[in-house]
Amino acid sequence: MDLALIGTGYVGLVTGACFAEVGHRVICVDNDAAKVKLLQSGGLPIYEPGLEELVRKNTAVGRLAFTHSTAEGVEKSDVIFIAVPTPPLPDGSVDLSYIERVARDIAGAMTGYKVVVDKSTVPVKTGEKVAETIKRYCKSRVDFDVVSNPEFLREGFAVGDLMKPDRVVIGVRSRRPVAAMTQIYAPFNAPIVVTDIASAELIKHASNSFLALKISYINAVSVLCEAAGANVQEVAAGMGLDERIGRRFLNAGIGFGGSCFPKDLSAFIKIAEQIGYDFRLLKEVQRVNAEQMERFVKKISDTLWVLKNKTIGVFGLAFKQNTDDVRMSPAIELCQRLQKEGTILRVHDPKAMEKARAVLTGVTYVEDMNAVAEGCDALVIATEWDEFKKLDLERAHKSLSHPILFDGRNLFDRAEMERLGWVYKSVGR
Ligand code: UGA
């Protein structure tokens with residue numbers, strides 16, 4: 001099918017590349033001319049495992065193209081996906097101005113029946129507003145359908161999540177667009193859930209909030225584990241074997257971050273408030289998340305006593321592994337908290353150093369992970385990169401004035417670290 005993706009951020013670009021990979025003809029639209037130029041010349045604005053190969057391959061065979069003209073995207077496509085940002089406003093609600101702008105642009109360019117699909121994460125009832133907007137701004141009075149098709153990809157695993165989705169959610173007002181949507185997703189062999197538009201919109205916010213709740217739950221349990229001398233990883237393993245619970249997203253740490261969970265939680269709380277429900281449960285999820293960071297900083301200061309002028313090596317800047325994204329990163333927040341206490345930081349991340357430079361200044365960026373410990377008083381693991389498990393512990397041990405490691409992601413085996421002579425502090429163990 002002929003598809004347009006408006007917005008070439010994480011969702012738009014990866015979705016466009018995966019649609020092309022399964023045989024659709026895809027045109028990706030972005031109003032950032034420099035970004036379009038970069039993509040047209042084979043460059044990528046983000047790091048995402050497997051994406052570069054997909055983009056290169058499908059561009060070469062002519063199934064994937066880039067333009068900054070929405071009109072061109074609309075003209076060349078049967079189905080148009082909106083994948084533009086929905087950033088938070090200061091009060092926690094969602095800024096829908098990009099969505100509205102794109103809806104108007106699509107309306108202005110439509111000359112025949114189109115299916116307009118919202119892929120961005122939006123508050124319930126946005127689909128209705130998009131439909132009203134298109135109707136209002138479409139001069140030629142052509143027929144169209146609005147569909148809600150939320151995205152469930154995780155950064156760092158986006159290509160895999162898209163190629164093998166757990167489910168595809170399609171929210172519609174009538175049966176008419178269902179055939180086209182089913183045809184688009186048929187090659188992915190995933191269960192397709194067809195709902196009304198409001199339910200599809202809610203599925204997205206309810207899912208992200210539930211996953212955030214699951215993380216806060218295990219983080220709260222980690223506090224009990226520490227107090228009781230238990231091991232949160234063993235507790236999580238025991239809980240996770242119950243199929244109703246599942247082991248995934250039960251990793252205790254320094255809290256969740258990123259461009260989705262914090263924003264979507266605030267938005268869901270706000271949406272609930274506007275509908276007349278006080279979602280106190282989710283407010284508590286936020287509180288537990290903030291406290292988890294406090295507790296970790298306290299663990300560091302309790303051990304090192306005076307933080308001022310101590311040199312600390314920090315492993316990880318990205319908000320999680322496999323990405324260069326530092327938006328709302330707990331690792332960056334931790335660095336900034338430590339800086340406030342007067343520490344000197346030597347930091348490393350396998351992919352996120354370039355992006356971190358824009359938000360984290362006054363630190364030394366160290367290219368070689370094994371050189372971070374030089375001249376440090378202690379080390380901290382802030383992001384769950386698998387690479388960090390391969391750290392040369394012997395060299396780090398020798399470099400440090402005293403071998404202390406604060407592991408905010410529980411990457412190392414506690415007994416083994418202690419056997420190797422480390423003062424090792426992790427989370428909930
Ligand atoms: C999240 C959801 O997982 C996706 O399903 C969703 O599509 C996406 O938001 C979105 O709305 O676009 P993402 O933000 O890429 O994906 O990252 P996650 O893998 O969910 O991790 C979020 C945060 O939770 C990270 O800071 C991670 O370190 C933390 N986390 C995750 C934990 O602390 N413990 C865990 O067990 C899992």
Side-chain angles (χ1 to χ4, degrees), residues 154-156 211-227 231-233 235-236 248-263 265 284-304 307 310 312-323 325-341 343 345-352 356 359-360 363 372 376 378-389 391 404-412 414 417 423-429:
R154 291 164 301 158
E155 286 180 26
L211 290 169
L213 179 147
K214 203 171 171 188
I215 299 167
S216 274
Y217 185 83
I218 201 68
N219 280 336
V221 170
S222 80
V223 179
L224 295 186
C225 287
E226 274 182 33
N231 180 335
V232 73
Q233 285 177 312
V235 174
R248 295 172 75 192
F249 280 70
L250 281 182
N251 294 320
I254 57 171
F256 57 78
S259 66
C260 302
F261 284 174
K263 173 190 83 139
L265 259 182
E284 199 57 22
V285 170
Q286 290 179 316
R287 198 182 61 77
V288 170
N289 199 49
E291 266 182 18
Q292 197 68 2
M293 176 65 73
E294 295 293 332
R295 207 170 273 115
F296 194 69
V297 173
K298 187 168 182 301
K299 197 173 278 178
I300 298 173
S301 62
D302 282 353
T303 308
L304 299 182
L307 287 180
K310 290 262 163 60
I312 298 183
V314 180
F315 294 89
L317 298 164
F319 82 99
K320 63 171 192 179
Q321 69 164 327
N322 278 347
T323 180
D325 196 346
V326 295
R327 289 175 292 170
M328 298 291 285
S329 168
I332 298 280
E333 188 188 335
L334 178 62
C335 287
Q336 288 166 341
R337 295 289 300 270
L338 292 172
Q339 276 185 316
K340 246 193 208 150
E341 302 294 328
T343 59
L345 299 183
R346 291 171 58 76
V347 303
H348 171 83
D349 189 284
K351 291 283 177 216
V359 287
L360 184 67
V363 303
V372 170
C376 285
L379 300 179
V380 171
I381 308 263
T383 308
E384 63 272 38
W385 282 99
D386 272 337
E387 273 96 324
F388 296 156
K389 292 181 189 160
L391 179 70
I404 306 177
L405 175 63
F406 300 95
D407 184 353
R409 297 292 181 178
N410 289 346
L411 292 188
F412 291 96
R414 185 179 163 174
M417 292 301 282
V423 173
Y424 177 73
K425 310 238 167 177
S426 52
V427 180
R429 301 190 297 171

**Asked** Given side chains that start at C-beta, do those of R414 and M417 come closer than 4.5 Å, heavy atoms only?
**Response**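 R414 vs M417: side chains apart.
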Do L405 and I381 come within less than 4.5 Å of each other through their side chains, counting heavy atoms only?
yes
Contacts of R287 meeting salt bridge (charged side-chain N to carboxylate O under 4.0 Å, His left out) (sequence neighbours excluded), chain-then-number -> E284, E291
Those residues at least two apart in sequence (or on a different chain) that pass side chain to side chain donor-acceptor pair (under 3.5 Å) with Y424 are D407, R429
So does [Y] get a backbone contact from the side chain of [X], meaning a donor-acceptor N/O pair under 3.5 Å?
X: S329; Y: A331; value: yes
X: T383; Y: A318; value: yes
X: Q292; Y: G253; value: yes
X: T343; Y: L338; value: yes

Holding to side-chain contact (heavy atoms from CB on, under 4.5 Å), I want the full list of residues that pass it with [X], two or more places apart in sequence or in another chain.
X: A212; result: F256, F261, L265, V285
X: K351; result: Y47, D324, D349, W385
X: E384; result: K320, Q321, R409, L411

Q.
Per the salt bridge (Lys or Arg N to Asp or Glu O under 4.0 Å) rule, what does the pair list look like for residues 216-227, sequence neighbours excluded?
A.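 Applying salt bridge (Lys or Arg N to Asp or Glu O under 4.0 Å) to every pair that reaches into residues 216-227, excluding sequence neighbours, yields E226-K299.
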